[in-house]
Amino acid sequence: QAKKLLDIFNAAQKVARALSPDNDPRLYIDHVGKVAAITRIEIPQPRKGRALTSEQIPKWWELLQAQTHTVTRDLAQLAFLTGLRRSELLELRWSEVDTTSGWLDLGDRVKSGKRFTRPIGKAATNLLRMRKLANPPTCPWVFPSAASSTCHLTDVRRIMNRINDQMGRDVTLHDLRKTYNSRGRDFERKEDMEFLLGHAHHDVNTKHYTDREQPNMAGKAADLGRAK
């Protein structure tokens, strides 16, 4: 019986090769023994890394600093300095920011669904202090929009596209998050980056990492939160 099935499969594969314009054997037989029902399998290719390289970072940073729209410029800069997700940046409120201690408390609105409290480093803290001085005093959002009736910025594509045109490659806010992650690859403990990025991990007690007095995590955030 096994030999018969193997013979059927080999015959089906020969037919599949004949039907395939590029002689591609990567085919799936929907019904064993029914050679007429053949469907090509699309083999997924590994996703290419899109993080900025150490050689690309200085040019990207220089182009960012040259942008005149300060709100979106600061948002992209904070993305680079903290690795926050796009939604976490756009929805960031002043009630979630402690510019005295340099910590964020995003509650449970992060992707993991767990309370997310983390240090952000000196550079990001100073950026937010300056942003607060420049913002309308009644606007609750860290990144406001004068064109919105709710004072809420919801789109940063224009400035990102402008920089991308000059860079000669696409860089998204998610790419900046991946860049932040790649800059922390030398951490001895992967849980440290999981904590800073707000990833859900099941083998570590997250309460251990939310202590504001813990110098280890604050120091790691400060190391990553520098313009390179």
### Test log, rule side chain to side chain contact (heavy atoms under 4.5 Å, CB included), inputs Val156 and Leu173
CA-CA 9 Å; Val156 295; Leu173 292 178; 3.7 Å; yes
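The two residues Trp94 and Asn135 have their closest heavy-atom pair at NE1-ND2, 3.4 Å. Between Val171 and Trp60, the closest heavy-atom pair is CG1-NE1, 3.9 Å. Taking each heavy atom of Gly102 and Thr125 in turn, the nearest pair found is CA-OG1, 3.3 Å. Residues Leu64 and Ala76 approach most closely at CD1-CB, 3.8 Å, considering heavy atoms. Among all heavy-atom pairs drawn from Leu78 and Ala124, the shortest one is CD1-CB, 3.7 Å. For the residue pair Pro144 and Val71, the shortest heavy atom distance occurs at O-CG1, 3.3 Å.
Using a 4.5 Å heavy-atom cutoff, the side chains of Leu104 and Val97 are in contact. The shortest distance between side-chain heavy atoms of Glu88 and Leu106 falls below 4.5 Å. Proximity of Leu75 to Leu90: side-chain heavy atoms (C-beta onward) are separated by under 4.5 Å at one or more points. Residues Ser148 and Leu153 have side chains not in contact (no heavy-atom distance under 4.5 Å, counting atoms from C-beta outward). Taking 4.5 Å as the limit, every side-chain heavy atom of Trp103 sits out of range of all side-chain heavy atoms of Ile120.
Aromatic ring pairs are classed by plane angle as parallel below 30°, tilted from 30° to 60° and perpendicular above 60°; the pair Trp141 and His152 is parallel.
Note that OG1 of Thr179 is 10.0 Å distant from NE2 of His174, once rounded to the nearest 0.5 Å. Separation of atoms CG (Asp165) and CG (Asp170) is listed at 8.5 Å; rounding is to 0.5 Å. In this structure, CD on Glu91 lies 9.5 Å from CZ on Arg86, to the nearest 0.5 angstrom. In this structure, the separation between CD on Gln67 and OG1 on Thr72 is 7.5 Å, given to the nearest 0.5 Å. Of the inter-residue distances, the one linking Arg73 atom CZ with Leu63 atom CG reads 13.5 Å to the nearest 0.5 angstrom. The CZ atom of Phe80 lies 12.5 Å from the CG atom of Asp175; values are rounded to the nearest 0.5 Å.
At a cut-off of 3.5 Å, with distance as the only test, no side-chain donor of Asn161 or Arg158 sits close to an acceptor on the other residue.
Within 6.0 Å of CZ in Arg157 there are 12 or fewer heavy atoms belonging to other residues, nucleotides or ligands. For Glu62, the CD atom is loosely surrounded, since the number of other residues' heavy atoms within 6.0 Å does not exceed 12.
In terms of the ring pair (Phe, Tyr, Trp, His ring centres under 6.0 Å) criterion, His69 has no residue partners (sequence neighbours excluded). Residues passing the side-chain contact (heavy atoms from CB on, under 4.5 Å) test with Asp74, sequence neighbours excluded: Gln77, Leu127, Arg131, Phe143. Annotation: side-chain contact (heavy atoms from CB on, under 4.5 Å) contacts of Gln56 (sequence neighbours excluded): Leu52, Thr53, Met167, Arg169.
Arg118 contributes a side-chain N or O that, together with a main-chain N or O of Thr82, makes up a donor-acceptor pair within less than 3.5 Å. Checked by atom type and distance alone, the side chain of Asp105 never pairs as donor or acceptor with a backbone atom of Thr117 at under 3.5 Å. Asn181 contributes no side-chain N or O that, together with a main-chain N or O of Lys178, makes up a donor-acceptor pair within less than 3.5 Å.
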